[in-house]
> 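The structure is given below, and queries will be raised subsequently.
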Amino acid sequence: MNLELPELPFAKEALEPHMSANTLNIHHGKHHNAYVVKGNELLANADISADSLEELVKETAKAGGALFNNVGQHYNHSFFWNSLSASGGGAPTGDIAAQIDEAFGGYENFKAEFVAGGMGQFGSGWVWLVSDGGKLKIAKSANAETPLTDGATPILVCDVWEHAYYLDFQNRRPDFLGSFLDNLVNWDFANKNLANA
Ligand code: MN3
């Protein structure tokens with residue numbers, strides 16, 4: 001199985017001013033692309049077969065190391081691009097809205113927990129909304145790790161590596177996380193993942 005850099009599901013300028021084309025050029029074109037190139041180099045010499053990217057993530061996680069780091073980062077970034085939308089942000093709609101109310105006691109509580117999760121991830125990593133045992137939860141992961149390998153179903157993710165926000169927000173990670181929820185989060189993608197959870 002070969003990794004392939006996906007096209008962004010929006011124009012590079014479409015998320016401005018919340019996420020700049022410059023950030024996307026570097027984040028997608030350089031960082032994500034580097035994980036794809038390195039991952040394919042390592043996969044060429046690995047004896048691993050998988051029918052889907054999700055299965056490949058789980059298989060490479062067993063051995064860990066550079067192969068998992070590159071495959072995991074490819075999965076996480078691909079999921080992140082789909083978690084963004086030019087017409088996104090704000091309170092959720094559809095089934096996810098009811099489940100967020102049930103799990104967190106309202107959208108404002110969810111928002112506070114999601115931002116706190118992203119702030120609580122020391123160093124590089126990710127903050128997720130996952131479905132685990134039929135219930136929505138906030139999860140965080142370090143480096144290339146993903147809740148997929150813990151048996152949870154990812155619903156949404158925000159990248160909290162500094163390369164995700166430094167050009168637009170410098171050191172202000174909480175502002176980036178707030179802006180992700182207020183302006184960019186793709187609830188249609190969340191509802192689609194929830195339906196398959
Ligand atoms: Mn990143």
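Since this is a predicted model, take the numbers as computed values, not measurements. Start at 1 and go down the list; that is how both ligands and their atoms are numbered.
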> Hydrogens and angles aside, do Thr23 and Ser20 bring a side-chain donor and acceptor to less than 3.5 Å of each other?
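Yes, side-chain donor-acceptor contact under 3.5 Å.
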> Linking I/L/V/M/F/W/Y whenever their side-chain heavy atoms sit closer than 4.5 Å, directly or via other members, would Met119 and Phe104 fall into one cluster?
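Linked within one cluster.
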> Could you please tell me which protein N, O or S atoms lie under 2.8 Å from the Mn ion (ligand 1)?
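Sorted hits: His27 NE2, His77 NE2, Asp159 OD2, His163 NE2.
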> Any side-chain donor-acceptor pair under 3.5 Å between His32 and His74?
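Yes, a side-chain donor-acceptor pair sits under 3.5 Å.
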> One pair to check against ring-ring contact (aromatic ring centres under 6.0 Å, His included): Phe110 and Phe114. What are the steps and the verdict?
CA-CA 6 Å; Phe110 157 77; Phe114 189 89; 5.7 Å; yes
> Under the side-chain hydrogen bond (donor to acceptor under 3.5 Å, both in side chains) rule, what do Trp126 and Thr146 come out as? Steps first, then yes or no, please.
CA-CA 8 Å; Trp126 304 81; Thr146 157; over 6 Å; no
> So, His28 versus His77, ring centres under 6.0 angstrom or not?
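No, the ring centres sit 6.0 Å or more apart.
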